[in-house]
Trainee: 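I have a structure I would like to understand better, so I am pasting it below and will then ask my questions one at a time.
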Amino acid sequence: MTKTTVIVGSSPTELAHSIAQRLDADIVTSKIKRFPDGESKITLSGEPSGRCIVVQSTHPPVDTNTILALSLVLQAAKQSDDVTAVIPYMGYGRQDKEFLPGELVTIQGVAKLFLLAGAKNILTVDIHSMTALDYFGGGAKNVSAIPSLAEYILTMNLERPLVVSPDQGGIDRADKFAHILNAESFALEKRRDRETGDVKIQNSKVNVHNRNIILVDDMVSTGGSIVKAAQFLISQGCADIYVACTHALLVNDALQNIKDAGVQKVISTNTIPNSTTSVDVSATITDALQA
Ligand code: R5P
């Protein structure tokens, strides 16, 4: 049987160890020293060999973690021709199109760098869009944490649940989530100012009165989308609001702002470990690695 090595980056380390355990793989850890000028020095605990799986999310600091992930892939590719980059949270996924004239499609460059570094396969979780995934070529795979998040919400036995996507782009995700809960779903009309980033929620005709809301999203960054959605839903007389997201970036005061807006609880996965992490995606990732 071919030996497998999991190379554990700086984050999410628990998820990486859990994947290694499920695969019965050897583990190579990385020690990261940050210099005052922002550079990182990476030292591996051993030499990776066999099938190499690099685990590193590219959450903030995004560029630092992207360089780290790329460096680990590059190093693994020196020893092995079977390297998989597992990037549980893929940063730059939202930069998948030229939204305003002159804007670069940065995910395209990121994808190219991973391929050039030697990643034969790339595996990620709930990438922001399939357009973004396409840039990584045929060896790229996306798995979804939505079933696991929905199973978690099921255990909460919420009465009169209603699954809501904060924007039209997330309606498929919300539908899939609602199907597991045997509940209804709908999407709000969100408008984001492409210059300022400000979010506005348009009126919606769905009756949310006394319904327990589960706001489902792929990621929560500044929390702006969730805050605006929660304020709108509360103004329409909903009952409690819960947020279920795959990637909780929770930049700056996002979590406090979300709570201040009236959200009961944020539930996220361990693609980005933090205080809201409740759902483990190691089995989902391992199944895909073994498929
Ligand atoms: C947008 O299309 C995404 O699915 C998220 O809704 C959005 O990126 C979250 O960002 P923020 O928390 O800053 O509003």
Side-chain angles (χ1 to χ4, degrees), residues 57-62 65-66 87-100 103 105-107 110 124-135 142-146 149-150 163-178 185-202 204 213-234 241-269 271-272 274-277 279 281:
S57 277
T58 56
H59 56 68
V62 179
N65 284 333
T66 302
I87 315 294
Y89 167 70
M90 180 69 79
Y92 285 107
R94 289 179 291 181
Q95 296 194 42
D96 59 349
K97 288 184 198 88
E98 183 186 348
F99 294 99
L100 292 177
E103 280 181 359
V105 182
T106 307
I107 192 67
V110 171
T124 189
V125 185
D126 289 325
I127 193 165
H128 180 67
S129 76
M130 287 304 138
T131 311
L133 189 75
D134 286 346
Y135 289 113
N142 179 70
V143 293
S144 181
I146 292 301
L149 283 163
V163 179
V164 179
S165 166
D167 55 54
Q168 296 289 324
I171 188 59
D172 288 349
R173 203 178 293 127
D175 285 350
K176 199 167 149 193
F177 200 105
S185 57
F186 80 99
L188 293 168
E189 289 274 352
K190 179 175 99 178
R191 292 272 171 272
R192 188 187 286 276
D193 183 314
R194 291 261 161 226
E195 297 285 357
T196 64
D198 286 350
V199 167
K200 278 199 182 98
I201 299 287
Q202 318 279 59
S204 143
I213 306 289
I214 305 114
L215 271 171
V216 175
D217 216 339
D218 57 332
M219 61 195 286
V220 177
S221 179
T222 64
S225 306
I226 293 296
V227 165
K228 288 285 160 57
Q231 287 169 342
F232 173 75
L233 293 162
I234 289 168
I241 303 180
Y242 301 85
V243 171
C245 68
T246 305
H247 313 294
L249 286 99
L250 300 175
V251 172
N252 299 329
D253 297 328
L255 188 56
Q256 193 54 53
N257 294 340
I258 289 169
K259 286 186 175 163
D260 290 349
V263 169
Q264 256 64 31
K265 194 176 177 190
V266 177
I267 293 134
S268 68
T269 79
T271 60
I272 303 176
N274 62 42
S275 62
T276 59
T277 303
V279 171
V281 291

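Just follow the structure's listing: the first ligand is 1, and inside any ligand the first atom is 1.
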Trainee: Is it true that atom CG of Asp193 has more than 12 heavy atoms of other residues, nucleotides or ligands lying nearer than 6.0 Å?
Mentor: yes
Trainee: Gly223 heavy atoms, cut-off 4.0 Å: which ligand 1 atoms fall inside?
Mentor: 11 (P), 12 (O), 13 (O)
Trainee: Does Arg192 approach ligand 1 within less than 4.0 angstrom via side chain, backbone, both or neither, non-hydrogen atoms only?
Mentor: side chain
Trainee: Considering both backbone and side-chain atoms of Lys190, is one of its nitrogen or oxygen atoms within less than 3.5 Å of a nitrogen or oxygen in ligand 1?
Mentor: yes
Trainee: Looking at Arg173 and Asp217, does any basic side-chain N land under 4.0 Å from a carboxylate oxygen?
Mentor: yes
Trainee: Using a 4.0 Å heavy-atom threshold (strictly under), name the region of Asp218 that reaches ligand 1: side chain, backbone, both or neither.
Mentor: side chain
Trainee: Just let me know how Val199 lines up against ligand 1, side chain, backbone, both or neither, with a heavy-atom cut-off below 4.0 Å.
Mentor: neither
Trainee: Considering only protein heavy atoms, which is closest to atom 2 (O) of ligand 1, and at what distance to one decimal place?
Mentor: His128 CE1, 3.2 Å
Trainee: For His59 and Tyr89, what are the C-alpha separation, side-chain angles and deciding distance, and is it a ring-ring contact (aromatic ring centres under 6.0 Å, His included)?
Mentor: CA-CA 6 Å; His59 56 68; Tyr89 167 70; 7.1 Å; no
Trainee: With sequence neighbours left out, what residues match Gln256 under side-chain hydrogen bond (donor to acceptor under 3.5 Å, both in side chains)?
Mentor: Asp260
Trainee: Go through the side-chain N and O atoms of Thr131 and Lys97 and say whether any donor and acceptor fall under 3.5 Å apart.
Mentor: no
Trainee: Just which atoms of ligand 1 are under 4.0 Å from any heavy atom in Val220?
Mentor: 12 (O)
Trainee: May I ask which of Asp126, Asp217, Asp198, Leu250 has a heavy atom nearer to atom 6 (O) of ligand 1 than the others do?
Mentor: Asp217
Trainee: Which heavy atom of the protein is the closest neighbour of atom 9 (C) of ligand 1, given with residue, atom name and distance?
Mentor: Met219 O, 3.5 Å
Trainee: Who's the nearest protein heavy-atom neighbour of atom 14 (O) of ligand 1, and how far?
Mentor: Ser225 OG, 2.6 Å
Trainee: Taking Ala248's backbone N and O only, do any of them form a donor-acceptor pair with Asn274's side chain (distance below 3.5 Å, no angle check)?
Mentor: yes
Trainee: Would a distance-only check, ignoring hydrogens and angles, find a side-chain to backbone donor-acceptor pair under 3.5 Å from Gln95 to Val105?
Mentor: no
Trainee: Heavy-atom contacts with Arg94 under 4.0 Å: which atoms of ligand 1 show up? List them by number with element.
Mentor: 7 (C), 8 (O), 10 (O)
Trainee: Verify the distance criterion only: is there a donor paired with an acceptor across the side chains of Asn65 and Thr58 at less than 3.5 Å?
Mentor: no
Trainee: Which is closest to atom 13 (O) of ligand 1 by heavy-atom distance: Thr246, Thr222, Asp167, Ile258?
Mentor: Thr222
